[in-house]
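Throughout, protein chains are lettered first and strands after them, A, B, ... in sequence-line order, and every chain is numbered starting at 1. This structure is a prediction, so every number in the text was calculated from the model and none was measured.
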Amino acid sequence: MPTTQPAYKKDDNLANLVHELVRQIPKGRVTSYGAIAKSLGIPNPRMVGWAMHTTENIKKNVPAQRVVNSTGHITGGHPEFRRDLLIKDGVKVINNRVADFKRLFWDPALEL
DNA sequence: CAGATGACTGCGA
DNA sequence: ATCGCAGCCATCT
């Protein structure tokens, strides 16, 4: 039995907001943690990463593959897996880095 | 209860 | 141009 029962099952925090926003990312587009944090009013982009790190993102079918750091580099535990998903979305990825990241960058505050 | 960690970013040297 | 440090919030041990 799962002795390590995650206590973050309360979607009343940033994680929920982040997941929702990430879900709104159009296919073939990518964004950065800082942009999301800024858009949601989070002083620290770290929390965005933490929100994604939570296993909830997978449960919610959140396209974490479309979320990369400012350099467009795929961060996380399974970069290969996410890279494949990005390619499937039509995003070219080279060396775990999004090609034309600047062009494919999707700013939530700008588009929303 | 307190200390350390973490999917980051921006600025300074 | 590259390298290093500090900031912030929530969770974990």
Nearest whole angstrom, please: distance from the P of C:dA10 to the CG of A:Asn16. 15 Å
P spacing across the pair C:dA6 / B:dA4, given as an integer number of angstrom: 15 Å
Not counting sequence neighbours, which residues clear salt bridge (charged side-chain N to carboxylate O under 4.0 Å, His left out) with A:Asp100? List them please. A:Arg103
Provide the full list of ring-ring contact (aromatic ring centres under 6.0 Å, His included) pairs with a residue in residues 68-97 of chain A, sequence neighbours left out, each pair given once. none
Nearest-Å distance for atom pair CG/C1', residues A:Leu21 and B:dA7: 16 Å
A:Arg66 CZ to B:dA7 P, straight-line distance once rounded to whole Å: 22 Å
For A:Thr71, side-chain hydrogen bond (donor to acceptor under 3.5 Å, both in side chains) partners two or more places apart: A:Asn69
Round to a whole Å and report the spacing from NZ of A:Lys38 to P of C:dC9. 17 Å
Which atoms of nucleotides 9-13 of chain B (N or O only) lie under 3.5 Å from a protein N or O atom, and what are those distances?
unit_1	atom_1	unit_2	atom_2	d
B:dT9	OP1	A:Ser70	N	2.6
B:dT9	OP1	A:Ser70	OG	2.7
B:dT9	OP2	A:Ser70	N	3.1
B:dT9	OP2	A:Ser70	OG	3.1
B:dT9	O5'	A:Ser70	OG	3.1

Report the distance from atom CG of A:Leu40 to atom C1' of C:dC9, rounded to the nearest whole Å. 14 Å
A:Met52 has an atom CE; how far is it from atom P of B:dA7, in whole Å? 13 Å
Distance, P atom - from B:dT5 to C:dC5, rounded to whole angstrom: 15 Å
Pairs where residues 90-112 of chain A contributes a residue and the test ring-ring contact (aromatic ring centres under 6.0 Å, His included) is met, not counting sequence neighbours: A:Phe101-A:Phe105
Using whole Å, report how far CH2 of A:Trp50 lies from P of B:dT5. 19 Å
As a quick check of understanding, evaluate side chain to side chain contact (heavy atoms under 4.5 Å, CB included) for A:Val93 and A:Ile74, giving each step before the final call. CA-CA 9 Å; A:Val93 180; A:Ile74 300 175; 3.9 Å; yes
Below 3.5 Å, can you tabulate the donor-acceptor pairs from side chains in residues 84-92 of chain A to any protein atom, sequence neighbours excluded?
unit_1	atom_1	unit_2	atom_2	d
A:Asp89	OD2	A:Arg66	NE	2.9
A:Asp89	OD2	A:Arg66	NH2	3.1

